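The structure appears below as C-alpha cells.
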Amino acid sequence: MNQRCYSVAIDGPAGAGKSTMARRAAQALNFVYVDTGAIYRTVAYATLSRGIMPEDGDAVAALLPELKLELSWQEGVQHMLLNGSDVTTEIRKPEISDGASKVAALPVVRDFLMETQRNAARIHSVIMDGRDIGTVVLPDADVKIFLSASPEVRAKRRLLELQAQNRTLTFEEVLQDIKERDYRDSHRKTAPLRQADDAVLLDTSNLSLEESVDAILNLIRKKIGL
Ligand code: DC
C-alpha cells in the first residue's frame with residue numbers, strides 16, 4: 001500500500017524566515033522541503049540573463065516554453081536546474097529578488113509554474129513555502145501556516161544573511177526592498193500574498209529561530225498527529 005503523502009503550506013512575506021524554518025522543520029519530520037520562491041527566482045534569472053525586462057509580460061511569455069525547470073535535492077538542500085544547469089547560487093542575488101517579485105506578478109508565469117509545484121507534493125510529504133501555497137497551489141494542504149514578522153525584524157534578518165554572503169547593503173536599503181516587495185506581492189491581481197482562511201498565523205517577531213521551528217513543529221504534529 002502506498003504511504004500517504006502529507007502537505008504543509010507555509011506562506012508569508014519576504015524575510016519572515018520561511019525558508020530556514022521550513023527547512024529545519026522538514027528535516028525534523030523527514031519531509032521534503034520545497035522552496036517555491038526559488039522557482040520564481042529561476043524564471044527571473046532566465047529572463048534577466050537574456051536581457052528581457054521581468055515586467056515585460058509578452059517577452060517573458062515567449063521565453064517560458066524554452067525553459068526546463070527541475071528541482072533536485074542534495075542532502076536535504078533544494079537545487080534548481082535551468083535547462084540542465086545548476087543555478088542555485090546565482091538566483092540568490094538581490095537583483096534576482098526584485099526580478100522574481102516582478103515575474104511573479106505575471107499570471108502566465110504563475111500558471112506555467114503551477115504543475116511543477118503540485119507535482120512535488122504528489123510524490124513526497126512536503127513542507128512547501130511561498131506566497132500562495134495555502135490559497136492556490138495546495139488549497140487542500142493538511143496544515144497551513146502564515147508566518148509573519150515586522151518589516152524591521154525581517155530586514156534585520158535579511159541583512160545578516162546578506163552580510164554572511166559578503167554583500168554590503170545598508171539596513172535602510174534592505175528595509176526599503178522588503179517594503180517594496182511586500183507591496184508588490186500583496187497587491188498583485190493574481191494570487192496575491194494573503195493568509196488563507198484556514199491558516200494559523202504565527203508572528204515570529206519576538207521568537208528565536210529555534211522557538212519558531214518548535215512552534216511550527218507543534219502545529220504540524222497537533223494537526224496530523226505525527
Ligand atoms: O521567497 P522568495 O523571496 O525567494 O521569493 C521570491 C519572489 O517570488 C517573491 O518576491 C514573491 C515570489 N513568489 C510568489 O509570488 N509566489 C510564491 N509561491 C513564491 C514566491
Side-chain angles (χ1 to χ4, degrees), residues 7-23 26 33-48 54-55 57 60 64 67 69 71 77-80 82 87-121 126-139 141 144-149 151 154-155 157-162 165 167 169 174-196 199 204:
S7 54
V8 178
I10 301 189
D11 291 300
K18 296 185 301 293
S19 44
T20 313
M21 295 169 194
R23 188 180 313 115
Y33 163 53
V34 183
D35 171 2
T36 63
I39 312 177
Y40 285 92
R41 285 170 179 271
T42 303
V43 173
Y45 174 79
T47 304
L48 293 168
E55 48 281 84
V60 175
L64 292 177
L67 306 185
L69 305 173
L71 284 74
V77 177
Q78 178 182 311
H79 282 248
M80 284 305 313
L82 170 63
V87 294
T88 310
T89 310
E90 287 83 345
I91 60 172
R92 291 294 145 199
K93 297 186 175 156
E95 59 275 22
I96 304 291
S97 305
D98 189 63
S101 172
K102 290 176 178 157
V103 293
L106 302 172
V108 67
V109 171
R110 306 203 73 83
D111 287 349
F112 179 74
L113 298 183
M114 189 65 77
E115 275 315 292
T116 306
Q117 296 172 87
R118 286 188 175 154
N119 271 341
V126 292
I127 298 190
M128 188 176 287
D129 88 26
R131 303 295 189 287
D132 61 337
I133 309 304
T135 50
V136 178
V137 178
L138 302 177
K144 298 183 187 179
I145 299 172
F146 193 85
L147 270 187
S148 183
R154 290 187 278 128
R157 290 178 185 161
R158 195 36 66 98
L159 188 64
L160 287 175
E161 273 175 25
L162 291 168
Q165 300 164 17
R167 301 196 166 271
L169 275 102
V174 177
L175 180 62
Q176 178 68 17
D177 169 65
I178 283 205
K179 286 185 173 167
E180 277 171 20
R181 283 213 282 153
D182 278 0
Y183 186 86
R184 207 162 35 224
D185 294 345
S186 49
H187 285 80
R188 65 179 177 227
K189 283 207 187 80
T190 312
L193 169 67
R194 78 169 178 84
Q195 184 180 340
T204 67

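Because the structure is predicted, anything quoted here is derived from the model rather than measured. Numbering of residues begins at 1 and proceeds along the displayed sequence. Order of listing sets the numbers, starting from 1, for every ligand and every atom in it.
Residues Val136 and Met114 have side chains in contact (heavy-atom distance under 4.5 Å, counting atoms from C-beta outward).
Here the rule is salt bridge (Lys or Arg N to Asp or Glu O under 4.0 Å) with Asp182, and of Arg131, Arg188, Arg154 only Arg154 fits it.
The shortest non-hydrogen separation linking Leu82 to Ala46 is CD2-CB, 3.8 Å.
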Where does ligand 1 get N/O contacts under 3.5 Å from the protein, atom by atom?
from, atom 1, to, atom 2, distance (Å)
ligand 1, 1 (O), Arg131, NH1, 3.0
ligand 1, 1 (O), Arg131, NH2, 3.4
ligand 1, 3 (O), Arg41, NH2, 3.1
ligand 1, 3 (O), Arg131, NH2, 3.4
ligand 1, 3 (O), Arg181, NH1, 3.0
ligand 1, 4 (O), Arg41, NE, 2.6
ligand 1, 4 (O), Arg41, NH2, 3.3
ligand 1, 10 (O), Arg181, NH1, 3.1
ligand 1, 10 (O), Asp185, OD1, 3.4
ligand 1, 10 (O), Asp185, OD2, 3.1
ligand 1, 15 (O), Arg110, NH1, 2.8
ligand 1, 15 (O), Arg110, NH2, 3.4
ligand 1, 15 (O), Arg188, NH1, 2.8
ligand 1, 15 (O), Arg188, NH2, 3.0
ligand 1, 16 (N), Arg110, NH2, 3.0
ligand 1, 18 (N), Thr36, OG1, 3.0
ligand 1, 18 (N), Arg131, N, 3.2
ligand 1, 18 (N), Asp132, OD1, 3.0

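Looking at Lys18 and Asp35, no side-chain N of the basic residue comes within less than 4.0 Å of a carboxylate O on the acidic one, giving no salt bridge.
Rounding to the nearest 0.5 angstrom, the gap separating the CG atom in Leu71 from the OH atom in Tyr33 is 10.5 Å.
Within the structure, side chain to side chain donor-acceptor pair (under 3.5 Å) pairs that include any residue of residues 94-109 comprise Arg41-Ser97, Asp98-Lys102, Asp98-Arg184, Ser101-Arg184, Ser101-Asp185 (at least two apart or interchain).
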